[in-house]
Chemist: 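Here it is, the structure, as structure tokens.
Numbers for residues simply follow the sequence, beginning at 1. What you see below is based on every heavy atom in this structure, not just the backbone, and it leaves out hydrogens, waters and symmetry mates. These numbers come from a predicted model, not from an experiment.
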Amino acid sequence: QVQLVESGGGLVQPGGSLRLSCAASGTIFTIDAMGWYRQTPGKERELVASIISGGSSNYADSLKGRFTISRDYGKNTVYLQMNSLKPEDTAVYYCNAQGLKRYWRDSRSDYWGQGTQVTVSS
């Protein structure tokens with residue numbers, strides 16, 4: 001069974017920083033991409049950033065320059081460094097593993113973490 005566990009959320013003042021971590025555990029053969037999404041009440045979940053196996057990353061246009069995604073392939077872990085945080089960054093942040101195969105002949109599936117709350121407030 002595959003699980004994604006996020007950590008690192010919390011309360012931070014405007015202008016501060018947080019680093020989110022997400023570790024995928026269980027039987028894992030490959031993961032095509034890992035990423036972060038966020039959601040606020042009444043809104044759809046939106047992409048924050050993603051990183052593929054080759055190392056290329058993709059960011060929401062509004063977050064470029066403030067957020068950085070990175071990945072430890074050996075640990076099946078993805079990180080999100082968030083700097084210069086603003087109140088509008090307040091949301092539940094979800095980790096996503098896309099195209100995960102548990103073994104060579106497995107079909108690709110997507111997995112989600114349970115979410116971690118990030119609150120930016122003074």
Chemist: Can you tell me how far apart CD1 (Ile69) and CG (Leu20) are? Round to the nearest 0.5 Å.
Modeler: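 Ile69 CD1 to Leu20 CG: 10.0 Å, rounded to 0.5 Å.
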Chemist: Which atom names give the shortest non-hydrogen contact between Gln117 and Thr90, and what distance separates them?
Modeler: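 The pair with the smallest heavy-atom distance is NE2-CG2, 3.9 Å.
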Chemist: Minimum heavy-atom separation for Ala91 to Arg38, with atom names?
Modeler: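 So the two residues come closest at CB-CB, 3.9 Å.
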Chemist: Looking at Cys95 and Met34, what are the two nearest heavy atoms and their distance?
Modeler: SG-CE, 4.3 Å
Chemist: Taking side chain as C-beta onward, heavy atoms only, is Tyr59 less than 4.5 Å from Thr68?
Modeler: yes
Chemist: Measuring centre to centre across the rings, with the benzene-like ring taken for any Trp, is Tyr37 within less than 6.0 Å of Trp112?
Modeler: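 Centroid distance Tyr37-Trp112: below 6.0 Å, so yes.
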Chemist: Can you tell me how far the NZ atom of Lys101 sits from the CD1 atom of Ile31, to the nearest 0.5 Å?
Modeler: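 Here the interatomic distance stands at 12.5 Å.
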Chemist: For Glu6 and Trp36, what are the C-alpha separation, side-chain angles and deciding distance, and is it a side chain to side chain contact (heavy atoms under 4.5 Å, CB included)?
Modeler: CA-CA 10 Å; Glu6 300 112 332; Trp36 292 94; 3.8 Å; yes
Chemist: So, taking the atom named CG in Asp32 and the one named OG in Ser53, what distance separates them when rounded to the nearest 0.5 Å?
Modeler: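 So the gap between those two atoms works out to 5.5 Å.
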Chemist: Applying side chain to side chain contact (heavy atoms under 4.5 Å, CB included), run through Arg71 and Ser57 and close with a yes or a no.
Modeler: CA-CA 10 Å; Arg71 183 174 168 183; Ser57 56; over 6 Å; no
Chemist: What I'd like to find out is whether the side chain of Tyr93 reaches to under 4.5 Å of the side chain of Met82, using heavy atoms alone.
Modeler: yes
Chemist: With the side chain counted from C-beta on, respond yes when Phe67 and Asn83 share a heavy-atom pair under 4.5 Å apart, and no when they do not.
Modeler: no
Chemist: Please determine whether side chain to side chain contact (heavy atoms under 4.5 Å, CB included) holds for the pair Val2 and Leu4, giving the CA-CA distance in whole Å, both sets of side-chain angles, and the decisive distance to 0.1 Å.
Modeler: CA-CA 7 Å; Val2 174; Leu4 273 61; 4.0 Å; yes
Chemist: Keeping Gln39 on the side-chain end and Val92 on the backbone end, is there a donor-acceptor pair under 3.5 Å?
Modeler: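 Side chain of Gln39 to backbone of Val92, a donor-acceptor pair under 3.5 Å: no, none is there.
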Chemist: If you take all heavy atoms of Pro14 and Ser121, which pair is closest and at what distance?
Modeler: CD-C, 3.6 Å
Chemist: Could you tell me the separation between the OG atom of Ser70 and the CD1 atom of Ile51, rounded to the nearest 0.5 Å?
Modeler: 6.5 Å
Chemist: How long is the span from the NZ atom in Lys64 to the CG atom in Asn58, to the nearest 0.5 Å?
Modeler: 7.0 Å
Chemist: Would the distance check show the side chain of Ser62 and the main-chain N or O of Ala60 forming a donor-acceptor pair, the cut-off being under 3.5 Å?
Modeler: no
Chemist: Answer yes or no: is there a side-chain heavy-atom contact under 4.5 Å between Gln98 and Arg108?
Modeler: no
Chemist: Check Gly74 against Asp72 and note the closest heavy-atom contact, atom names and distance.
Modeler: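 Distance-wise, the nearest heavy atoms are N-OD1, 3.1 Å.
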Chemist: Are side-chain heavy atoms of Tyr94 and Cys22 found at a separation under 4.5 Å?
Modeler: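 Sidechains of Cys22 and Tyr94: no contact.
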Chemist: Could you check whether atom CD of Glu88 has more than 12 heavy atoms from other residues, nucleotides or ligands sitting under 6.0 Å from it?
Modeler: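 Above 12, so yes.
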Chemist: Answer yes if Ile52 and Tyr73 sit in the same cluster of Ile, Leu, Val, Met, Phe, Trp and Tyr residues linked by side chain heavy atoms under 4.5 Å apart, and no otherwise.
Modeler: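 The answer is no; the residues belong to distinct hydrophobic clusters.
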Chemist: Would you name the heavy atoms of Asp110 and Gly99 that are closest together and state the gap between them?
Modeler: OD1-N, 2.9 Å
Chemist: Do Arg19 and Tyr79 meet the cation-pi criteria used here (NZ or CZ under 6.0 Å from the six-membered ring centre, within 45° of the axis)?
Modeler: yes
Chemist: Let me confirm one number: the CG-CD1 distance from Leu100 to Ile28, rounded to the nearest 0.5 Å.
Modeler: 5.0 Å
Chemist: Is Val12 reachable from Val48 through a run of hydrophobic residues whose side-chain heavy atoms are each under 4.5 Å from the next?
Modeler: yes
Chemist: Apply side chain to side chain contact (heavy atoms under 4.5 Å, CB included) to the pair Val118 and Asp89, showing each step before the final yes or no.
Modeler: CA-CA 8 Å; Val118 171; Asp89 294 319; 5.6 Å; no
